[in-house]
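Just so you know, these numbers come straight off a predicted model, no measurement behind them. If you read the sequence from its start, that first residue is 1, and numbering goes on from there. Values below: every heavy atom of this structure, side chains too, minus hydrogens, waters and symmetry copies.
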Amino acid sequence: MDDILRGKKILLGVCGSIAAYKVAQLARDLTLAGAQVDVIMTEAATRFVGAATFQALTGRRVLGDIWALPEDGVIGHITLGAQADLVVVAPATANRIAKIAAGMSDDLLTMTILATHAPVLLAPAMNPQMYAAVATAANVAVLRARGYTVLEPDEGRMAEHVVGKGRMPEPPVLEGEIRALLGRNGPLAGRHVVITAGGTQEPIDPVRYIGNHSSGQMGYALAARARDLGARVTLISGPTMLTPPAVVALVRVGTATEMQAALSEALVGADMLIMNAAVADFRPAEMSEQKIKKSGDAGLTLHLVPNPDIIAGLAGRRDIFKVGFAAETDDMLANAQGKLERKGLDMIVANDAVLSIGQPEIALTLVDRGGVTNLPRQPKNAAAAALLDEIVTRFQRWRV
Ligand SMILES: Cc1cc2nc3c(=O)[nH]c(=O)nc-3n(C[C@H](O)[C@H](O)[C@H](O)COP(=O)(O)O)c2cc1C
């Protein structure tokens, strides 16, 4: 399956807010991912950013004037909305939100929104007082009741230096929301997918821990892909520096025990578990309350006890499609096949621990009761997309 953005027609309505400059980045990212992005600028928007910027980034003529008839005579004010897969209004001004709520059609953007069957996503950006105003709140409520997706603005420092709720969400968040909307009827629509990612950290004392090299990249990429295929995703993550994918519910944990607790909560009513986290097999029997001091040349012996085998503990959950990971340094295939049976999994994804953990690329060997499939070494994002497609195929077979 292709990237969800490839070939999609996105109408991007840009309004008169300082946040308009950020949307240039969004237009670029969507275009690079393969979407056809047609930008409609309101007259006020052109006071903030030049049309040439959007035209250069999207490779498409920027639209705005309803009276400027196109040379080919085909794109009329109604066809734009009719052909779109998604309409995005970002930044959405208070003025624009009011106009759309009132059903006005006095320029190209309002007309297009009235005339479209496509989902509409609005990203408000305004002064916190304008956002909190009763009129704006009522307009937002009207739009939501009509099925429009109106994002909550972020809290923080505004361009005019006041602090409050009114900032437009950052472009990567908007892209995540766009992907989720485009994928809403995908093969995982209506499914709850739980994914664990990253490594656990088992404390030795208040400042030290036993950890591993897992970066979380693979699990985060799997979560983004599952979202793009329509799933509701819960990502349970060990400590990482990564930005979580938008629209995914993130639960941060530290230790294996915390991961197990978070998982048992998340798995209530879930359809699928992808256990990608590198969970520590052992933890210190006791955590020192104080930082352990060095004393002369004396060494330090840690007594480790086994952590629970989280996925093996779920062997009784036959209602969930369970995918395990096996990072091995030797006898990869035999070990993976053994784990598949012993832990009651539906599928196991084996990889070479040395060549993959913490590395940007990965080769995968998929093992299930039907046989073995090899995915070539590739960047983790691409590997995650290919892997999730393989998982979805098996999940659909498993369900019947
Ligand atoms: C410097 C400046 C910044 C503005 N920023 C915002 C803003 O962030 N959000 C908003 O709703 N209006 C903002 N406005 C007001 C809008 O530009 C104004 O309401 C305009 O009519 C909106 O037109 P449009 O909705 O057709 O784009 C700003 C105005 C100025 C002069």
Handout entry: By side-chain hydrogen bond (donor to acceptor under 3.5 Å, both in side chains) - contacts of Asp368 (at least two apart)
Key = Arg394
Practice task
Apply side-chain contact (heavy atoms from CB on, under 4.5 Å) to Phe54 and Val49, showing your working.
Solution key: CA-CA 9 Å; Phe54 287 109; Val49 190; 4.0 Å; yes
Problem - Listed once per pair and sorted, the side chain to side chain donor-acceptor pair (under 3.5 Å) pairs that draw on residues 272-286, sequence neighbours left out - result: Arg283-Asn307
Fill in the blank from the handout: So side chain to side chain donor-acceptor pair (under 3.5 Å) across residues 27-42, not counting sequence neighbours, yields Gln25-Asp29, Gln36-Asp38, Asp38-Arg60
Practice task
Among Leu151, Val89, Val150, find the one that has a side-chain contact (heavy atoms from CB on, under 4.5 Å) with Leu121.
Solution key: Leu151
Fill in the blank from the handout: Residue pairs passing the salt bridge (Lys or Arg N to Asp or Glu O under 4.0 Å) test with at least one member in residues 187-198, sequence neighbours excluded, are Arg191-Asp271
Exercise for the section: Please identify each residue that fulfils salt bridge (Lys or Arg N to Asp or Glu O under 4.0 Å) with Asp205, with sequence neighbours left out. Expected result: Arg208
Exercise for the section: Without swapping roles, check the side chain of Thr46 against the backbone of Glu43 for a donor-acceptor pair under 3.5 Å. Expected result: yes
Please list, one pair per line, the donor and acceptor atoms closer than 3.5 Å that link side chains of residues 224-252 to other protein atoms, with sequence neighbours excluded.
| unit_1 | atom_1 | unit_2 | atom_2 | d |
| --- | --- | --- | --- | --- |
| Arg225 | NH1 | Asp2 | O | 3.3 |
| Arg225 | NH2 | Met1 | O | 2.8 |
| Arg225 | NH2 | Asp389 | OD1 | 3.2 |
| Arg225 | NH2 | Asp389 | OD2 | 3.2 |
| Arg227 | NH1 | Ala246 | O | 2.8 |
| Asp228 | OD2 | Arg179 | NH1 | 2.7 |
| Arg232 | NH2 | His192 | ND1 | 3.3 |
| Thr234 | OG1 | His192 | NE2 | 2.7 |
| Ser237 | OG | Tyr220 | OH | 2.7 |
| Thr240 | OG1 | Leu242 | N | 2.9 |

Exercise for the section: Apply side-chain hydrogen bond (donor to acceptor under 3.5 Å, both in side chains) to Asp352 and list each qualifying residue two or more places apart in sequence or on a separate chain. Expected result: none
Completion exercise
With sequence neighbours left out, the residues meeting side-chain hydrogen bond (donor to acceptor under 3.5 Å, both in side chains) with Asn95 are none
Handout entry: Ion pair check, Arg377 and Glu361, cut-off under 4.0 Å
Key = yes
Problem - Residue pairs, two or more places apart or on separate chains, that pass ring-ring contact (aromatic ring centres under 6.0 Å, His included) and touch residues 296-352 - result: Phe321-Phe395, Phe321-Trp398
Could you tabulate the donor-acceptor pairs under 3.5 Å formed by side-chain atoms of residues 10-22, not counting sequence neighbours?
| unit_1 | atom_1 | unit_2 | atom_2 | d |
| --- | --- | --- | --- | --- |
| Ser17 | OG | Ala19 | N | 3.0 |
| Lys22 | NZ | Glu170 | OE2 | 2.8 |

Handout entry: Neighbour count above 12 (heavy atom, 6.0 Å) for Arg369 CZ
Key = yes
Fill in the blank from the handout: Sorted by chain and residue number, the salt bridge (Lys or Arg N to Asp or Glu O under 4.0 Å) partners of Arg317 (sequence neighbours excluded) come out as Asp319
Which pairs of donor and acceptor atoms, one on a side chain in residues 261-269, lie under 3.5 Å apart (sequence neighbours left out)?
| unit_1 | atom_1 | unit_2 | atom_2 | d |
| --- | --- | --- | --- | --- |
| Ser264 | OG | Ala261 | O | 3.1 |

